[in-house]
Amino acid sequence: MTVEAWRLNMWSRGEHKAEHRSPELRTCGCSRRSCRGPPPRCGVLRACPLLSAAAGCAARLAYHLRGAWLLAARRRRRLADRRCPLARLLELGVRTVTATLAVELPPPPKGISGQMGTSVQVTPLSGAYGEGPLCYLLAVDGFRFLLDCGWTDLCDTSQLQPLAKVAPKIDAVLLSHPDMMHLGALPYAMKHLGLSAPVYATEPVFRLGLLTMYDHFLSRWQVSDFDLFTLDDVDAAFQNIVRLKYSQNYLLNDKGEGIVIAPHVAGHLLGGTVWKITKDGEDVVYAVDFNHRKERHLNGTVLGSFVRPAVLITDAYNALNNQGYRKKQDQDFIDSLVKVLVTGGSVLLPVDTAGRVLELLLILDTYWGERGLEYPIYFLTNVSTSTVDYVKSFLEWMGDQIAKSFESSRANAFLLKKVTLIINKEELEKLGDTPKVVLASMASLEVGFSHDIFVEMANEARNLVLFTEKGQVLWDTCSNASSGPTPKAVKVTMSKRIPLVGDELKAYEEEQERIKREEVLKASLIKEEEIKASHGSIAKTSDPMVIDASSSHKSANAGSHFGGNADILIDGFVPPSTSVAPMFPFFENTAEWDDFGEVINPDDYMLKQEEMDNLMLGSGDGLDGKIDDGSARLLLDSTPSKVISNEMTVQVKCSLIYMDFEGRSDGRSVKSVIGHVAPLKLVLVHGSAEATEHLKMHCAKTSDMHVYAPQIEETIDVTSDLCAYKVQLSEKLMSNIICKKLGEHEIAWVDAEVGKEDEKLILLPPSTTPAPHKPVLVGDLKLSDFKQFLENKGWQVEFTGGALRCGEHVTVRKIGDSSQKGSTGSQQIVIEGPLCEDYYKVRELLYAQFYLL
């Protein structure tokens with residue numbers, strides 16, 4: 001076989017003998033091993049979201065147009081007997097049609113060399129085989145991504161040692177959620193560890209993450225001399241974040257050329273992101289802490305819509321937990337609160353600053369309104385009012401129900417009627433022992449208002465502390481303390497900042513005065529050195545017009561009767577070294593002029609986007625625009641103060657309850673989503689050792705994917721096993737192609753041969769007439785969508801036993817391959833019923849949901 005006539009018969013194994021069913025009877029998803037062979041053996045017609053190749057003794061290359069022609073076909077020989085090929089679509093903005101074939105072919109002729117797929121390495125820096133903060137290093141063809149930059153409320157710098165080793169080499173940072181566990185270390189890393197890479201996040205992650213860091217700093221500063229970072233460091237870390245919208249493809253430049261990043265809905269927290277990173281058609285998906293369920297203020301994740309990415313990085317956090325029904329969970333939650341309030345007790349909910357607390361606020365506000373309850377509810381953080389104000393403007397990032405409600409009635413779900421927003425404890429202290437519900441930060445009880453309120457409430461048996469998240473620092477301690485028959489003791493440290501008085505204040509003022517004197521003396525010495533240096537430069541000038549030293553000396557003596565003020569001419573500026581004599585600086589106006597006057601730059605008079613945002617949100621550029629007035633006054637108060645601490649023992653007599661309101665998918669759902677996405681390679685992070693091993697064994701057992709679970713600082717190579725070839729599509733071949741419109745794309749079937757021209761591979765029209773190919777159905781059918789379509793056509797349709805009953809006689813169902821383990825197998829659409837008029841009508845409507853090639 002010559003290079004010039006190297007025909008693409010990579011799966012040609014003889015005459016096709018498998019029985020093909022009629023296209024109306026069965027279709028199935030692509031890239032599933034249930035197909036038991038390459039296209040010549042395929043017994044069913046394939047349907048996939050974009051392309052599908054069903055039959056033919058030679059490989060048929062799918063063709064895609066999106067502004068520029070591009071084509072890719074992928075294949076691994078070791079799966080040749082289990083999975084049909086999937087045509088991968090790429091994009092290349094060049095006039096010459098170029099394709100990348102990521103397929104494993106028989107040994108190619110001499111002169112044709114392949115290149116392995118995109119190089120991908122993953123290294124956990126934190127949050128592996130444990131439930132610590134999330135931080136991972138992802139290298140894609142040498143471009144280093146930092147996936148999240150989390151920290152705990154303890155702010156232990158030893159946790160960041162792995163990050164410190166690689167921080168200066170990071171090329172980009174991707175943030176997925178606006179809480180401490182995902183972005184808490186960002187200000188510290190940028191100030192102390194040399195992290196200077198651009199940061200990418202959604203608008204809510206940027207805004208709410210900023211408030212989270214402000215609240216954390218204020219909580220720390222009020223009880224300690226916190227110096228790991230300041231509010232200025234927080235501003236510096238967040239001011240250059242690149243904000244993206246959901247599904248927005250962002251093309252990186254320079255070192256990251258060719259890499260496209262895109263954020264997608266993750267659920268869990270407002271603005272939560274599943275990141276998709278694409279390079280040369282290979283998708284790397286980073287999806288941690290996602291939630292498939294719809295909630296009051298959030299939609300479920302879109303992770304399930306991704307099909308067969310090269311690598312999926314996800315967490316095993318909830319692999320061992322299963323959740324009940326949401327309505328029952330909400331009802332139990334409210335009943336627990338009301339039960340305590342009726343008996344005269346109060347309830348404390350330790351919460352985060354701007355994350356899961358939003359869902360809790362909506363639940364409480366809704367049920368209090370429905371039941372007419374009058375018990376006060378307080379949301380207490382250092383930035384509570386700012387948080388809710390920002391959230392009111394993020395309706396487009398929330399669930400469909402909230403957006404529709406606003407469009408129809410202009411009702412904003414976060415105009416809370418039953419919740420009072422406060423930023424200090426004074427209002428709570430005014431109520432005394434009045435029954436109330438308090439949502440206070442921090443969720444860990446390590447610092448913040450929740451820490452102090454817990455100490456006050458723990459001694460009363462009628463009170464309740466309700467935890468809504470796992471991993472809260474004092475939860476295990478408190479639950480163990482109250483598990484015995486008698487109340488147990490918990491040691492806590494109480495700290496507060498107080499103003500200096502008496503001798504301490506006097507000593508502080510003297511020290512500050514001494515520091516000021518030293519600074520003034522140092523500044524004067526520096527100024528004198530500058531003046532001497534400027535005098536020296538004039539004395540040493542070699543300009544021939546300078547008068548000689550003797551006459552200069554005489555002139556200076558002669559002018560001494562002016563009071564010796566000759567030096568005033570050079571005080572305050574350094575004269576040019578080439579000047580004849582000292583002179584004041586003069587700047588010539590070089591402005592351009594035209595017939596209408598001075599030429600100006602319009603951009604100088606345009607408001608920047610950040611200024612526009614601040615004006616629209618009614619916020620300024622200083623602290624008042626980011627934190628509440630009371631917190632701003634606290635920071636701007638220059639009264640000398642100190643922090644005093646004392647340890648005390650608290651008798652835990654109050655009730656302690658944990659209810660799961662974390663907003664993460666449970667173990668059953670995580671397994672289902674992973675099975676549906678069916679990545680080629682799976683990387684498990686962030687979960688206890690038991691949960692990680694459980695999910696790893698489950699995925700390895702029920703699918704053919706490669707499963708990895710690296711330790712901290714262990715680098716794993718998840719580079720694709722595919723071999724890539726770049727080819728050009730000849731103009732002669734293109735001229736014979738007829739494309740069909742498919743949404744925003746155009747697709748066509750291509751038969752071609754591979755040739756070589758100028759040391760490059762090129763696709764040419766086949767030298768012989770190719771055999772007719774079997775019909776290909778292109779599309780992805782959901783029975784729920786088909787049901788809605790039929791109802792709009794006037795059909796009586798209902799779901800019965802998982803199948804769609806159409807009229808009286810016809811049933812449409814999806815079935816899976818019984819030989820396929822787990823949920824990663826292909827699915828087929830089957831039409832059942834007598835050959836009557838309804839049967840043919842349903843079949844015709846079903847065909848209308850697909851494109852036929």
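Residue indices begin at 1 and follow the sequence shown.
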Got a salt bridge between [X] and [Y], using NZ or NE/NH1/NH2 to carboxylate O under 4.0 Å?
X	Y	result
E504	K642	yes
E456	K425	yes
E203	R207	yes

Test item: F290 and T314 side chains (from C-beta on) under 4.5 Å apart, heavy atoms: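 Of all side-chain heavy-atom pairs linking T314 with F290, at least one is under 4.5 Å.
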Partner residues of D400 under the side-chain hydrogen bond (donor to acceptor under 3.5 Å, both in side chains) criterion, sequence neighbours left out: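 Partners of D400 under the side-chain hydrogen bond (donor to acceptor under 3.5 Å, both in side chains) test: N299.
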Parallel, tilted or perpendicular: rings of W151 and F229 (30°, 60°):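 The rings of F229 and W151 sit tilted, inter-plane angle from 30° to 60°.
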Whether Y390 and F394 hold their rings parallel, tilted or perpendicular, with breakpoints at 30° and 60°: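 Ring orientation of Y390 relative to F394: parallel.
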For R356, the option from E662, E469, E295 that meets salt bridge (charged side-chain N to carboxylate O under 4.0 Å, His left out):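 Testing R356 for a salt bridge (charged side-chain N to carboxylate O under 4.0 Å, His left out) against E662, E469, E295 leaves exactly one candidate, E295.
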Is a side-chain donor-acceptor pair under 3.5 Å present for [Y] with [X]?
X	Y	result
E131	H686	no
S665	H292	yes
D330	Y325	no
H182	D289	yes

Exam field: side chain T202 to backbone G271, donor-acceptor pair closer than 3.5 Å: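 Checked: pair present.
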Reported [atom1]-to-[atom2] distance for the pair [X] and [Y], which is rounded to 0.5 angstrom:
X	Y	atom1	atom2	value
L380	E427	CG	CD	9.5 Å
Y286	D315	OH	CG	8.5 Å
K436	L337	NZ	CG	14.0 Å
Y136	L163	OH	CG	13.0 Å

By salt bridge (Lys or Arg N to Asp or Glu O under 4.0 Å) - contacts of D156 (at least two apart):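 By the salt bridge (Lys or Arg N to Asp or Glu O under 4.0 Å) rule, D156 matches no residue at all.
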